[in-house]
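Notes to accompany the following structure.
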Amino acid sequence: AAKDMGGSAFKFYNAELAASWQARTFIINELESALSRQELIVYYQPIISLSLNHALYAEALVRWNHPVRGMIPPSDFLPQAERMGLIDKIDDYVFKRVCDDLKQWTNSGRAVPHISINRSAHNFGGQRARLDWLAYLREVSIPSELITLEITESTLMQKQSESRMLLYRLRDADIKIAVDDFGTGYSSLSYLKEMDVDYLKIDRSFIHDIDQSEDDRAIVEAITEMAKRLDIMVIAEGVETAIQAEILKNIGCHALQGFFYSKPLSKSEFEVYLRSFENG
Ligand code: C2E
Ligand code: MG
Ligand code: MG
Ligand code: MG
């Protein structure tokens with residue numbers, strides 16, 4: 001029996017290996033053409049403002065709408081995209097799609113949301129020629145204050161002066177800077193002093209058990225208190241229940257994001273949300 005189990009375990013292992021290898025190969029083969037075939041699409045997750053100045057706010061999140069495999073989440077292809085050196089192209093593509101959408105919403109005379117865009121660390125300090133976001137915003141006449149850049153702590157920690165210079169340049173042009181997944185990275189708080197960030201997005205791992213865990217509550221309270229004194233807005237990620245929302249409101253977070261309010265929406269779903277906002 002032990003031999004049988006060993007045998008099946010071996011087969012299982014091989015199958016797993018083959019499956020993951022196949023998955024990797026398909027991504028490597030098809031990701032580049034996915035960009036040119038416009039299979040990458042942008043979803044928008046509403047961010048609920050409690051006391052942000054801007055009422056309408058959402059995060060742009062990429063998905064791969066594969067003709068055969070269906071909707072593929074970013075966690076299944078962004079790591080490969082980073083290794084293949086394609087992440088810059090993807091971020092630029094998402095940025096352009098967001099600008100297109102902002103242009104459409106502006107032209108239709110409706111309320112225009114502020115959009116947060118994730119930008120990978122690999123974009124900073126690279127030598128490759130890539131889209132100049134400020135020039136592009138000017139070209140399509142989208143006000144740069146509609147755009148927030150979400151970057152992780154590790155990106156902010158990069159000491160390459162090129163990364164810093166680019167961030168400063170974007171900031172000087174009124175693009176907002178948000179620290180994504182705050183609290184999970186390689187956290188030296190010194191960048192908060194140096195970089196003058198606008199938002200901290202508290203990672204959802206601190207929110208998930210906040211109704212049970214005194215520790216998580218203490219951490220979120222301390223982050224919020226610190227942020228307020230530094231004049232930084234706090235957004236809580238991954239809010240899934242009414243109880244969590246209530247606790248976070250009482251703590252004084254400025255905005256909440258999570259499935260309790262809305263999952264990420266397709267463009268047309270998001271437009272319905274925008275309209276309901278106007279009427280309400
Ligand atoms: P993120 O920037 O921290 O985005 C939030 C993620 O949490 C999204 O996952 C969102 O769907 C998910 N989320 C939101 N509310 C809840 C909730 O209440 N509960 C739970 N469990 N999850 C929630 P998604 O869309 O799968 O994206 C995963 C990550 O992929 C993002 O994390 C971001 O790091 C990256 N990403 C997504 N789009 C882009 C992009 O265009 N460029 C880059 N560089 N990265 C991106
Ligand atoms: Mg994000
Ligand atoms: Mg996050
Ligand atoms: Mg994340």
Side-chain angles (χ1 to χ4, degrees), residues 31 34-35 38-48 57-65 70-101 114-124 126 130-131 133 147-156 163 176-185 187 197-211 220 223 233-245 247-248 253 255-267 269-270:
L31 190 52
L35 270 163
Q38 315 237 332
E39 288 170 13
L40 298 188
I41 53 175
V42 177
Y43 271 52
Y44 293 97
Q45 186 176 32
I47 295 172
I48 308 310
Y57 203 92
E59 177 173 5
L61 294 159
V62 71
R63 273 105 183 79
W64 182 356
N65 190 13
M71 205 66 89
I72 305 174
S75 55
D76 284 3
F77 65 90
L78 288 186
Q80 282 91 336
E82 295 210 354
R83 282 197 290 277
M84 292 165 69
L86 273 179
I87 192 75
D88 298 355
K89 275 192 188 159
I90 291 177
D91 286 354
D92 285 349
Y93 178 87
V94 168
F95 171 74
K96 280 190 181 171
R97 292 282 80 80
V98 168
C99 287
D100 290 351
D101 291 349
H114 292 71
I115 303 295
S116 232
I117 303 176
N118 293 281
R119 189 153 158 163
S120 160
H122 295 248
N123 293 343
F124 297 100
R130 53 165 308 178
L131 184 68
W133 287 20
I147 306 292
T148 297
L149 225 57
E150 295 198 5
I151 52 188
T152 56
E153 293 176 292
S154 50
T155 304
L156 278 168
S163 330
K176 304 278 183 290
I177 307 290
V179 184
D180 205 352
D181 306 337
F182 184 75
T184 61
S187 249
V197 305
D198 300 282
Y199 306 103
L200 295 184
K201 300 192 74 174
I202 304 180
D203 190 72
R204 66 167 182 265
S205 57
F206 299 109
I207 309 302
H208 191 261
D209 298 320
I210 198 163
D211 58 328
V220 173
I223 293 172
M233 304 282 201
V234 171
I235 301 170
E237 300 193 280
V239 181
E240 292 182 351
T241 68
I243 297 168
Q244 291 168 353
I247 292 168
L248 293 162
C253 293
L256 308 179
Q257 177 179 1
F259 297 163
F260 175 64
Y261 292 103
S262 171
K263 63 182 185 2
L265 304 172
S266 69
K267 184 188 175 191
E269 290 170 332
F270 184 60

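Each ligand, and each atom within it, is numbered from 1 in the order the structure gives.
To the nearest 0.5 Å, atoms CG (Asp180) and CG (Leu200) are separated by 10.5 Å. Tyr44 OH to Leu265 CG: the interatomic distance, rounded to the nearest 0.5 Å, is 11.0 Å. Separation of atoms OG1 (Thr184) and CZ (Phe206) is listed at 7.0 Å; rounding is to 0.5 Å. How far CD1 of Ile247 is from CD1 of Ile210: 6.0 Å, rounded to the nearest 0.5 Å.
When distances from the Mg ion (ligand 2) to the N, O or S atoms of Glu150 are compared, OE1 comes out shortest. If you look at Asp180 and ask which of its N, O or S atoms sits nearest the Mg ion (ligand 2), the answer is OD2. Of all the N, O or S atoms in Glu59, the one closest to the Mg ion (ligand 2) is OE2. Note on Asp181: its N/O/S atom closest to the Mg ion (ligand 3) is OD1. Among heteroatoms of the N, O or S kind in Glu237, OE2 lies nearest the Mg ion (ligand 3).
Proximity of Arg204 to ligand 1, defined as any heavy-atom pair under 4.0 Å, is confined to the side chain (atoms from C-beta onward). Counting heavy atoms closer than 4.0 Å to ligand 1, residue Gln257 contributes nothing at all.
Set against the non-hydrogen atoms of Asp181, the atoms of ligand 1 under 4.0 Å away are 3 (O). Close approach to Val239 involves these atoms of ligand 1, each under 4.0 Å from a residue heavy atom: 18 (O). Each of the following atoms of ligand 1 lies closer than 4.0 Å to a heavy atom of Glu240: 17 (C), 18 (O), 19 (N), 20 (C), 21 (N). Every atom of ligand 1 with a heavy atom of Glu237 under 4.0 Å away is listed here by number and element: 3 (O). Residue contact check: Pro74 has heavy atoms under 4.0 Å from atoms 24 (P), 25 (O), 26 (O), 27 (O), 28 (C), 30 (O), 37 (C) of ligand 1.
Here's the thing with Arg119: none of its N/O atoms is less than 3.5 angstrom from an N/O atom of ligand 1.
Put simply, part of Gly238 is less than 4.0 Å from ligand 1, judged by heavy atoms. For the ligand labelled ligand 1, residue Lys263 lies outside the 4.0 Å heavy-atom shell. Contact analysis puts Pro264 in contact with ligand 1, with a non-hydrogen atom separation below 4.0 angstrom. Using 4.0 Å as the threshold, Lys201 has no heavy atom nearer than that to any atom of ligand 1.
For atom 2 (O) of ligand 1, the nearest non-hydrogen atom from the set Asp180, Asp203, Ile151, Ile47 comes from Asp180. When the heavy-atom distances from atom 43 (C) of ligand 1 to Thr152, Thr184, Asp91 are ranked, the shortest goes to Asp91. Of the listed residues (Tyr43, Tyr93, Phe259, Phe77), the one carrying the non-hydrogen atom nearest atom 13 (N) of ligand 1 is Phe259. Checking Leu61, Leu78, Val62, Val94 against atom 35 (C) of ligand 1, the nearest heavy atom belongs to Leu78.
For Tyr93, there are no ring pair (Phe, Tyr, Trp, His ring centres under 6.0 Å) partners at least two apart in sequence or on another chain. For the side chain to side chain contact (heavy atoms under 4.5 Å, CB included) test, residues two or more places apart in sequence or in another chain that qualify with Lys267 are Asp101, Gln104, Trp105, Glu271.
With hydrogens and angles disregarded, a donor-acceptor distance shorter than 3.5 Å links the side chain of Asp198 to the backbone of Ile177. Side chain of Gln244 to backbone of Asp211: no donor-acceptor contact under 3.5 angstrom is found. Checked by atom type and distance alone, the side chain of Asp91 pairs as donor or acceptor with a backbone atom of Ser120 at under 3.5 Å.
Contact annotation: the side chain of Asn118 approaches that of Glu59 to within less than 4.5 Å [non-hydrogen atoms, C-beta and beyond]. Within the 4.5 Å cutoff, the side chain of Glu237 has no heavy atoms near those of the Gln45 side chain.
Using a 30° and 60° split on the angle between ring planes, Tyr57 and His114 fall in the parallel class, below 30°. The aromatic rings of Phe77 and Trp64 lie perpendicular to each other, with more than 60° between the two planes, well past the 30° mark.
The nearest N, O or S atom of Asn118 is closer to the Mg ion (ligand 2) than 2.8 Å.
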